[in-house]
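Following: one structure in structure tokens, then a few remarks.
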Amino acid sequence: MTDVNIESAKRAAGKQAVADHFDPSASHVGIGSGTTIVYVVEAIKESSTNPQIRFVPTGYQSRQVIVQAGLTPIAFDSLPEDTMLDIAFDGADEVDVELNCIKGGGACLFQEKLVAERAKKFICVADYRKKQDRLLTNWPTIPIEVAPISVPTVLHSLRVLGSSNPKLRTTLLEKSGPLKTDQDFFIIDAPFPKLLIAEDIAAGKGKGDGSDGTWEVNKLSEAIKALTGVLEVGIFSGLNGPDADAISGKEGVKTVTSGQKPVAVYFGMSDGSVEVRTAKQ
Ligand SMILES: O=C[C@H](O)[C@H](O)[C@H](O)COP(=O)(O)O
């Protein structure tokens, strides 16, 4: 499959996601990072010229995409405390059948998670390579954002958790040394065996708590997040929008630890079609 087809698939996914979910009367819209989100912004630009909409970026690249499209950005930390985003769009590196996602392939995950959790509706767009049954099927590692001083400790802890060869991500071309995130932190890429979901545990495929070498998605996310030095982990799991709202008890307000998962993922397929995976209600 050529890159041209992959780009067409990303564009088709972005276009369909915007057609289905973007409301031109929205007040605040979150915009994620990466190469696929560019097509979402392209489609938004084509569908609306409403100057009242404020777009919330998830990092430097995301802000540039917003500004270059002639849209108006607003910093995440300028949002009033009680203001939810009407919707957030973002890309993903891999998505499983429960809509759990791996993110951070482009070194953006912390601000993406903040924005996803703040959105009433979170929608992902991706090409067909990202559509898998379980995480870590095709995408090889979990990206983890860490404080620079903590790198040796976190690498060691990840090996203890069962990651075979976690590595500090480096920039190979522009400069030698570790890659820096928008927060001036570093990224560790940690491989683990394919991640289980609840039905795998029920079917006896493993304990999922690391004790037998298997990990369930949420348990691994929690275990990595608990390591001192870890700012955020590139697993977006737990509950998604409507369930998360129910847990918080406040309509339209999500808890801090839930609502990271999209309610729908749009996959651009190699034949030009778009497949949609939605959250089970
Ligand atoms: O770090 C980057 C973000 O999580 C991206 O959304 C993710 O890597 C998907 O990027 P792309 O759309 O380029 O495949």
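This chain uses plain numbering: 1 for the first residue, then up along the sequence.
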ask   = What is the minimum heavy-atom distance between Gly213 and Pro193, and which atoms define it?
value = O-CG, 3.6 Å

task = Is it possible for you to check whether Lys113 lies under 6.0 Å from the centre of the six-membered ring of Phe236, through NZ or CZ, and within 45° of that ring's axis?
result = yes

task = For the residue pair Trp215 and Phe192, categorise the inter-ring angle as parallel (less than 30°), tilted (30 to 60°) or perpendicular (more than 60°).
result = perpendicular

ask   = So, the side chain of Ser273 versus the backbone of Met269: is there a donor-acceptor pair under 3.5 Å, distance only?
value = no

task = Flag the pair Lys120 and Asp86 as a salt bridge only when some basic side-chain nitrogen lies within less than 4.0 angstrom of an acidic carboxylate oxygen.
result = yes

ask   = Given the rule in the salt bridge (Lys or Arg N to Asp or Glu O under 4.0 Å) test, do Asp212 and Lys207 qualify, once you have shown the distances and angles that lead to the verdict?
value = CA-CA 7 Å; Asp212 59 358; Lys207 291 185 182 164; 5.8 Å; no

key: Electrostatic pair Asp90:Lys103 at N-O distance under 4.0 angstrom   = yes

task = Using a 4.5 Å cut-off on heavy atoms from C-beta on, say whether the side chain of Ser176 contacts that of Thr170.
result = no

task = Kindly give the heavy-atom pair with the smallest separation between Ala17 and Val125, and that separation in Å.
result = CB-CG1, 3.5 Å

query = Are the side chains of Phe55 and Ile74 in touch, meaning some heavy atoms are under 4.5 Å apart?
reply = no

inquiry  = Any carboxylate oxygen within less than 4.0 angstrom of a Lys/Arg side-chain nitrogen, looking at Asp127 and Arg129?
reply    = yes

remark   = Exactly one of Ile44, Leu85, Leu71 clears side chain to side chain contact (heavy atoms under 4.5 Å, CB included) with Ile31, and that residue is Ile44

remark   = One should read off an interatomic distance between Leu179 CG and Asp189 CG, to the nearest 0.5 angstrom, of 9.0 Å

inquiry  = If hydrophobic clusters are built from ILVMFWY residues whose side chains come within less than 4.5 Å, do Leu109 and Leu227 share one?
reply    = no

request  = Go through the steps for Asn100 and Lys261 under the test side chain to side chain contact (heavy atoms under 4.5 Å, CB included), then give the verdict.
outcome  = CA-CA 6 Å; Asn100 300 302; Lys261 273 201 310 191; 3.1 Å; yes

inquiry  = Check for me, please, whether Ile187 and Ile102 land in the same ILVMFWY cluster - side-chain distances under 4.5 Å, paths through other members count.
reply    = no

Atom pair OG1/CZ of Thr181 and Phe186 - distance to nearest 0.5 Å = 9.0 Å

query = Tell me, do Glu98 and Glu199 make a side-chain contact under 4.5 Å, heavy atoms counted?
reply = no

task = With Arg118 as the cation and Phe76 as the aromatic partner, state whether NZ or CZ is under 6.0 Å from the six-membered ring centre and within 45° of the axis.
result = yes

ask   = Do Val276 and Val265 come close enough that some side-chain heavy atom pair is under 4.5 Å?
value = no

request  = Determine, using ring centers only, whether Phe122 and His21 are less than 6.0 Å apart.
outcome  = no

request  = Kindly indicate whether the side chain of Ile188, heavy atoms from C-beta on, has any atom under 4.5 Å from the side chain of Lys167.
outcome  = no

ask   = Tell me, do Phe22 and Val29 make a side-chain contact under 4.5 Å, heavy atoms counted?
value = yes

query = Do Asn218 and Glu216 get their side chains close enough for a donor-acceptor pair, meaning under 3.5 Å?
reply = yes

query = If two hydrophobic side chains count as joined below 4.5 Å and joins carry through other members, does Val56 share a cluster with Met84?
reply = no

Check against side chain to side chain contact (heavy atoms under 4.5 Å, CB included), Val154 and Val230 = CA-CA 7 Å; Val154 174; Val230 169; 4.0 Å; yes

task = May I ask you to test the Phe267-Tyr128 pair for a side-chain heavy-atom distance under 4.5 Å?
result = no

inquiry  = For Pro166 versus Leu155, what's the shortest heavy-atom pair and its separation?
reply    = O-CD2, 3.4 Å

key: Audit row: Thr72, Ile53, side chain to side chain contact (heavy atoms under 4.5 Å, CB included) steps and yes/no   = CA-CA 7 Å; Thr72 308; Ile53 305 178; over 6 Å; no

ask   = For residues Asp20 and Tyr266, is any side-chain donor paired with an opposing acceptor at under 3.5 Å?
value = yes

message = Please give me the minimum heavy-atom distance between Cys108 and Asp182, naming the atom from each residue.
response = SG-OD2, 4.1 Å

request  = Could you tell me whether the side chains of Tyr39 and Glu7 share a donor-acceptor contact shorter than 3.5 Å?
outcome  = yes

task = Nearest 0.5 Å please: distance from the CD atom of Glu145 over to the NZ atom of Lys180.
result = 12.0 Å

task = Using the rule that two of Ile, Leu, Val, Met, Phe, Trp, Tyr join whenever any of their side-chain heavy atoms come within less than 4.5 Å, decide whether Leu79 and Phe110 are in one cluster.
result = yes

task = State, to 0.1 Å, how close Asp96 and Arg277 come at their nearest heavy-atom pair, and which atoms those are.
result = O-NH1, 3.0 Å

query = For the atom pair NZ (Lys219) and OG1 (Thr214), what is the distance rounded to the nearest 0.5 Å?
reply = 9.0 Å

Donor on one side chain, acceptor on other, Ser62 and Ser33, under 3.5 Å = no

ask   = Do Leu161 and Val233 belong to the same hydrophobic cluster, where Ile, Leu, Val, Met, Phe, Trp and Tyr are linked whenever their side-chain heavy atoms lie under 4.5 Å apart, directly or via other members?
value = yes

inquiry  = Counting only heavy atoms not in Arg134 (residues, nucleotides, ligands), do more than 12 fall under 6.0 Å from its CZ?
reply    = yes

task = For the residue pair Ser237 and Val217, establish whether any side-chain heavy-atom pair is separated by less than 4.5 Å.
result = yes

query = Can a donor-acceptor pair be found between the side chains of Thr35 and Lys10 at a distance below 3.5 Å?
reply = yes

message = On a heavy-atom basis, which atom in Cys101 and which in Cys124 lie closest, and how many Å separate them?
response = SG-SG, 4.3 Å

message = Distance check, rounded to the nearest 0.5 Å: Glu94 atom CD versus Asp133 atom CG?
response = 10.0 Å

query = Measuring from Leu136:CG to Ile235:CD1, what's the distance to the nearest 0.5 Å?
reply = 7.0 Å

ask   = Between Arg63 (side chain) and Ala75 (backbone), is there a donor-acceptor pair under 3.5 Å?
value = no

inquiry  = Can you see whether Ser27 engages Gln52 through a side-chain donor-acceptor pair at a distance of less than 3.5 angstrom?
reply    = no

